[in-house]
Amino acid sequence: MKSSLLQLGVIHHRIGVVPVVHALSTIRQTHRTIATLSTRYYQQKRCASRSGITTSSSILRSSLSSSSSNCNDTTTDGLAHRLDGLDQPTVWQEFSPLATQYNSINLGQGFPDWDPPHFVIEAMKRSIDPTFGRNANQYARSYAHMPLATVLAQEYTHRWQQSKLPSHLLPLDPTTQIATATGVTNVLYCALQGLINPGDQVVLLEPYFDIYSSQVQMAGGECVYCPLRPDTSAVGASDVFTLDLDELESKLSTQTRVLILNTPHNPTGKMFNRKELQGIANIVSNYPQLVVISDEVYEHIVFDTVNEPHLSIATINNGQIWHQTLTMSSAGKTFSCTGWKVGWAVGPSHLVKAVTSVQQWCNFSPTTPTQDAIAQALQIAREEPYQGYPTYYDWLASDYRHKRQLLVDALLVAGMKPIVPNGGFFIMADTQHVDFPYDDIANTQLSTAMPGYATGKKMPRDWALSRWLTQTVGVTAIPPSAFYSLDTVDLAANTLRFAFCKGESTLQQAKQRFETYFS
């Protein structure tokens, strides 16, 4: 079968006889034809095995001559229908290998290029060494490793007391109001599986982290999109990316089960302010079936804690929607240990149960040593001075503030306008004044991961620009169109997302490459 289908690929070697401008559409059509024939082939193969037909040539002839399979087996490759489209290439699978291929500085993916702090590494050593008596080498309690649950309950109780959450809701109970999972991605997966019924709607604020929509689909839900609208007259990510509360309310109905909120926000760096959160809480309170899942993984990477502090929507309006809010966070971004995968959920016990009820039947429990190490690290980070700062958190924000400025300077050299973030470690850059051969890239390069590929849409401008920067300048960004639905993908046309969770030398090298090309 493979060799038979490869024969169809001769068209790729013949496109030189047609104008280059038509080459991409020809390649795309060939890819789709091969995919269709491959689907039919495997459908016919399953049917044939039931009918006693065993030769590949007979099966191939059947697949080539049939417009559709007459077999009762409607699957294409054995995957469940809820995974339709989720096995296709992603933005990450395109741009990370592309950066490697062109020896480009990868400012795309958001992972630090340094190791965790020494005190975090030492905590892990204590966790796995039996001589310290921490008993962290066997299964943890399914809800959460109790040392970590206890520390988290104490930390959130202290923090939310300061945010004026009513005293009758505190202190938090570590046995029922804290759940851990294998990273916040796994927390979200468990929560959605535990809350969503087929056909339930989930509202996503665009741009959104692409995992959100995929996990909604896997849970059987339907995504409803509400974009943050750009205010081009504003300065700073929190003001540039605005939420129209009337538009948000128009997206809600009795079918809406979940609203996913992310603050500080990826990819924009926006931090939702008190007025916005109050507005959201007022709207949500009118829908008692609605649960807010608040993703707060960048909560400690905040650059002006006096004028723009991080706020948890669970505490807003004196806990107005406390019983409707599940708060998520993790250790990976805070301690530069994204590979450790320790995430958690905090909230009322009936919502935490949505996580634990799924967790106990899939992972059972996250890795015990990493949970135990993070329990120690959280205490040290909050209570002890670090590198001349009152706490590790103070040092962390200062370090990222410095890196943010390095990237801002680099982007200005390239003729981009940085939309300076108020939290997190990404910068959205306005690229409308960057001149590059958009049509040449869009018409001659193939990207199966780009939005609209399956329907023959032209490559989005941001996607083409990111490919061009990687191949020509040697710096890689992520095109934000990957974080929009097809209806609003044009909002990303003149933007790119850059990560500054990189070493100072890496950011300086990126600036040098920009200077070399654009100066």
Side-chain angles (χ1 to χ4, degrees), residues 28 83-101 104 106-111 184-185 188 202-218 223-230 237 241 260 262 265-270 295 297-298 338 416 419 421 424-432 434 436 438 441-442 445-471 475-501:
R28 284 176 176 162
L83 296 178
D84 286 351
L86 299 186
D87 59 338
Q88 299 305 305
T90 68
V91 64
W92 318 108
Q93 292 168 328
E94 175 167 333
F95 282 96
S96 289
L98 194 69
T100 300
Q101 178 184 349
S104 178
N106 191 348
L107 302 184
Q109 271 189 286
F111 58 85
V184 84
T185 300
L188 180 63
V202 178
V203 175
L204 305 180
L205 304 182
E206 298 178 300
Y208 61 88
F209 189 41
D210 58 349
I211 281 176
Y212 294 168
S213 59
S214 299
Q215 292 201 2
V216 170
Q217 178 178 327
M218 287 191 287
C223 290
V224 176
Y225 303 99
C226 181
L228 299 176
R229 300 290 180 180
F241 297 97
I260 299 180
N262 178 208
H265 183 255
N266 174 14
T268 68
K270 172 185 176 67
D295 180 352
V297 296
Y298 301 100
T338 57
M416 303 181 205
I419 306 172
F425 49 51
F426 300 109
I427 293 181
M428 290 278 273
D430 181 339
T431 65
Q432 62 180 309
V434 176
F436 77 107
Y438 172 32
I441 300 292
Q445 296 193 20
L446 180 68
S447 170
T448 58
M450 72 180 196
Y453 167 76
T455 55
K457 299 287 187 181
K458 183 178 182 179
M459 183 181 290
R461 180 183 181 276
D462 64 317
W463 205 281
L465 177 55
S466 188
R467 291 185 65 89
W468 178 79
L469 282 175
T470 299
Q471 297 165 336
V475 178
T476 299
I478 288 295
S481 56
F483 308 138
Y484 284 87
S485 60
L486 286 178
D487 288 341
T488 53
V489 73
D490 288 345
L491 290 174
N494 294 322
T495 59
L496 285 178
R497 191 198 79 168
F498 293 86
F500 55 93
C501 52

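- Distance alone, capped at 3.5 Å, is enough to place a donor-acceptor pair between the R497 side chain and the G108 backbone.
- The shortest distance between side-chain heavy atoms of I478 and P267 does not fall below 4.5 Å.
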Apply side chain to side chain contact (heavy atoms under 4.5 Å, CB included) to the pair Q217 and L83, showing each step before the final yes or no. CA-CA 7 Å; Q217 178 178 327; L83 296 178; 5.6 Å; no
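- Taking both residues in full, the closest heavy atoms of P460 and M450 are given as CD-SD, 4.1 Å, listed atom of the first, atom of the second, then distance.
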Would D295 and Y212 count as a side-chain hydrogen bond (donor to acceptor under 3.5 Å, both in side chains) here? Give the steps. CA-CA 10 Å; D295 180 352; Y212 294 168; 2.5 Å; yes
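- Between the side chain of E206 and the backbone N or O of F483 there is no donor-acceptor pair closer than 3.5 Å.
- Between T185 and Q215 the shortest side-chain heavy-atom distance falls below 4.5 Å.
- Partners of F209 according to the ring pair (Phe, Tyr, Trp, His ring centres under 6.0 Å) rule, which considers only residues two or more places apart in sequence or in another chain, do not exist here.
- Contact check for Y453 versus P89: no side-chain heavy atoms found under the 4.5 Å cut-off.
- With sequence neighbours excluded, the residues satisfying ring pair (Phe, Tyr, Trp, His ring centres under 6.0 Å) with F95 are W463.
- Under the 6.0 Å cut-off for aromatic ring centres, Y208 and Y225 qualify, their centroids lying closer than that.
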Q471/Q445 under side-chain hydrogen bond (donor to acceptor under 3.5 Å, both in side chains): CA gap, chis, key distance, verdict: CA-CA 12 Å; Q471 297 165 336; Q445 296 193 20; 2.9 Å; yes
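- Remark: the backbone N or O of H265 is not paired with any side-chain donor or acceptor of K270 at under 3.5 angstrom.
- Taking CE from M416 and OG1 from T495, the interatomic distance works out to 11.0 Å, rounded to the nearest 0.5 Å.
- Residue P421 comes nearest to I427 through the heavy atom pair CD-CG1, 3.6 Å, listed as atom of the first residue, atom of the second, then distance.
- Side chains of N106 and V475 form no contact here, defined as non-hydrogen atoms less than 4.5 Å apart.
- Taking CG of L486 as the reference point, atom OG1 of T455 lies at 6.0 Å (rounded to 0.5 Å).
- Here the side chain of E94 pairs no donor or acceptor atom with the backbone of R467 at under 3.5 angstrom.
- In this structure, the separation between CH2 on W468 and CD1 on I441 is 8.5 Å, given to the nearest 0.5 Å.
- Considering all non-hydrogen atoms of both residues, Y484 and P207 come closest at OH-CD, 3.3 Å.
- Taking 4.5 Å as the limit, every side-chain heavy atom of Y438 sits out of range of all side-chain heavy atoms of L465.
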Pair R229, F241 - check side chain to side chain contact (heavy atoms under 4.5 Å, CB included), show working. CA-CA 6 Å; R229 300 290 180 180; F241 297 97; over 6 Å; no
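- Applying the ring pair (Phe, Tyr, Trp, His ring centres under 6.0 Å) rule to Y298 yields the partners F425; only residues at least two apart in sequence or on another chain are considered.
- Looking only at side-chain heavy atoms (C-beta outward), C223 and S485 stay at 4.5 Å or farther from each other.
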Using the side chain to side chain contact (heavy atoms under 4.5 Å, CB included) rule, take Q109 and W92 through it: C-alpha gap first, then chi angles, then the decisive distance, then the call. CA-CA 7 Å; Q109 271 189 286; W92 318 108; 3.4 Å; yes
Using the rule given for side-chain hydrogen bond (donor to acceptor under 3.5 Å, both in side chains), can you reason through T448 versus Q88, listing the C-alpha separation, both sets of side-chain angles and the distance that settles it, and then say yes or no? CA-CA 8 Å; T448 58; Q88 299 305 305; over 6 Å; no
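- Between the S104 side chain and the T476 main chain, a donor and an acceptor come within less than 3.5 Å of each other.
- With values rounded to the nearest 0.5 angstrom, L228 atom CG is found 9.5 Å from L491 atom CG.
- At least one donor-acceptor pair closer than 3.5 Å links the side chain of T431 to the backbone N or O of N494.
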Tell me, with the steps shown, if V202 and L204 meet side chain to side chain contact (heavy atoms under 4.5 Å, CB included). CA-CA 6 Å; V202 178; L204 305 180; 4.0 Å; yes
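- A donor-acceptor distance shorter than 3.5 angstrom exists from the side chain of T90 to the backbone of Q93, with no hydrogens or angles considered.
- Here CG of L496 is found 11.0 Å from CG of L107. Values are rounded to the nearest 0.5 Å.
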Using the rule given for side-chain hydrogen bond (donor to acceptor under 3.5 Å, both in side chains), can you reason through D462 versus S481, listing the C-alpha separation, both sets of side-chain angles and the distance that settles it, and then say yes or no? CA-CA 7 Å; D462 64 317; S481 56; 2.9 Å; yes
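- A donor-acceptor pair is defined here as one N or O able to donate and one able to accept, closer than 3.5 Å; such a pair exists between the side chain of S466 and the backbone of A477.
- A donor-acceptor pair under 3.5 Å is absent between the side-chain atoms of S214 and the main chain of I211, judged by distance alone.
- The CG atom of D430 lies 5.5 Å from the CD1 atom of I419; values are rounded to the nearest 0.5 Å.
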